2 protein chains.
Amino acid sequence: MSTRDRILHVTSQLMQRQGYEGTAIKQIAKEAQVALSSVYHFFPRGKQELAADAVRHADAHFAGMLAEALASEDDPADAIVALARVVADYLRDSDWQDGCPITATALETAGRIPEIQAAVEEAFERWRGLVAEKLRTTGIPEQDVKDLAYTVINTLDGAELAATVSRTTEPLEIAGRHLARLINSYITNRADVP
Amino acid sequence: MSTRDRILHVTSQLMQRQGYEGTAIKQIAKEAQVALSSVYHFFPRGKQELAADAVRHADAHFAGMLAEALASEDDPADAIVALARVVADYLRDSDWQDGCPITATALETAGRIPEIQAAVEEAFERWRGLVAEKLRTTGIPEQDVKDLAYTVINTLDGAELAATVSRTTEPLEIAGRHLARLINSYITNRADVP
DNA sequence: CACGCACTAGAACGAACGTTCCACCGGGTA
DNA sequence: TACCCGGTGGAACGTTCGTTCTAGTGCGTG
């Protein structure tokens, strides 16, 4: 793992746990076992550039995990349940620290640091795209697919927050079940709900 | 409005926009038009005490808004849609700044500042209770009601984050529709999904 | 050998952080 | 008049923040 990657990895990890303002560059350097000057060597524009790149780094990593979970089941509804379970396991195994890697940063910087906000927006869009791709294998109309992808990602995100705060995987398990039910309602009962 | 209430109000407002670490006590004092010493006069244990009280303050305020929105419609599914719309309007009218008042703080302090985490947990529990109370007017079994309340709050929370980042009310509108559909599926189609 | 490049060591900067301290003010009550 | 108390003013504390700077290392390649 290159020095640059180590910095990005530690940054995204710390920012996901402590947020943007709560994470100091000196702490990043220390935990990545890297000289402070090295951080500025790779990210000369400072903290904002580093944070934006860390969001993109986390985006790629999380998208991989998401794609793998979705591919583990043929049926889209089952795939979403699997996704919720994977995310829940990951969260529990990290002692309730590693949930969605960008939520905290996203909230803190929204409307204040455009560079980071843009990176966050791209990440969410990519994740929704992966979910939509899976849902498209059903016969669900394209507009409904797009809407469902929104709710799948947003619900998992919200459930992950609740799970982190209450230190239980329950919110995520419930969310998985509900999302599967919602998706199935678009497949099996398309006629009876407007 | 008493001096103490003004401090709490400004604190919860700033923390919701900038998070816990991103909000300085001196900024709170300035925006509340209060002497810095007054902040420590009312909250002698410092920033953590102030933050925890601000979370409780925001909790009460938000619960009121939530209850009012839920009461505006008789049908529980319609009430959730109304809730999503109220929250969306509030967010847009504040120039995409005022969403869920405690999410940012919750994420930043989870697992690190127990006093604040406890206040956050209580808030979420109260909000779920209000939703559950509304859902109970249908014939939905108690366990399903509890689970639905979880997903309603978590989905709205996640949708609010997406709305804040993308500066659109769309995620919230979609969430409202999907949640209504999910709830109705427990009323009208109770038999056909396990 | 010598050049360049990834990377480091360490000091220093002004600014901002949370917190403490203490003397003080002004209006209602006794 | 004297007192109490919510609230103030301002300075000061040590610490940490993001950032800058200069001088340098060690290593692979030409």
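Chain letters run A, B, ... following the sequence lines, proteins first and then strands; every chain starts at 1. Computed from a prediction, not measured in an experiment: that's the story for all the values here.
Per the geometry, CD belonging to A:Gln27 stands 16 Å off P belonging to D:dT19, to the nearest Å. Rounding to whole angstrom units, CD1 of residue B:Ile7 and P of D:dT8 are separated by 8 Å. Summarising the geometry, the separation between CD on A:Glu21 and C1' on C:dA16 is reported as 12 Å, rounded to the nearest angstrom. Atom CZ of B:Phe42 and atom C1' of D:dG6 are 6 Å apart (whole Å). Distance B:Lys30 NZ to D:dG9 P: 14 Å, rounded to the nearest Å. For the pair B:Ile28 CD1 and C:dC17 P, the interatomic distance rounds to 10 Å; values are reported in whole Å. For the pair A:Leu36 CG and D:dC21 C1', the computed distance is 12 Å after rounding to whole Å. Taking atom CZ of B:Arg6 as the reference point, atom P of D:dG6 lies 16 Å away to the nearest angstrom.
In the set C:dA6, D:dT8, D:dT19, C:dA6 carries the atom at the smallest distance from any side-chain atom of A:His41. Of the candidates C:dT20, C:dG18, D:dC17, C:dG18 carries the atom nearest the B:Lys26 side chain, counting heavy atoms from C-beta on. Residue B:Lys47 has its side chain nearest to C:dT19 when only C:dA6, C:dT19, D:dG7 are considered. You'll find that the side chain of B:Tyr40 is closest to C:dG18, out of C:dC7, C:dG18, D:dT19. The side chain of B:Ile25 lies closest to C:dT19 when the candidates are D:dT20, C:dT19, C:dC17.
Among the protein residues, B:Thr23 comes within range of the sugar-phosphate backbone only, with heavy atoms under 4.0 Å from sugar or phosphate atoms but none that close to a base.
Shown here for B:Leu172 and B:Glu160, the closest heavy-atom pair between the two residues is CD2-N, 4.0 Å.
Side-chain atoms of B:Ser37 and base atoms of D:dG9 include a donor and an acceptor less than 3.5 Å apart.
Mapping B:Gly22 and B:Pro44 onto DNA chain C by nearest heavy atom places B:Gly22 at the nucleotide closer to the 5' end.
Between the side chains of A:Thr155 and B:Asn154, no donor-acceptor pair is found at a separation under 3.5 Å.
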**Item:** Worked check of side chain to side chain donor-acceptor pair (under 3.5 Å) between A:Ser12 and A:His57
**Value:** CA-CA 7 Å; A:Ser12 70; A:His57 180 85; 5.0 Å; no
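Both cation-pi conditions hold for B:Arg181 and A:Tyr186: the charged atom is under 6.0 angstrom from the six-membered ring centre and inside a 45 degree cone around its axis.
Between B:Glu73 and B:Arg85, none of the side-chain N atoms (NZ, or NE/NH1/NH2) sits under 4.0 Å from a carboxylate O, so this pair counts as no salt bridge.
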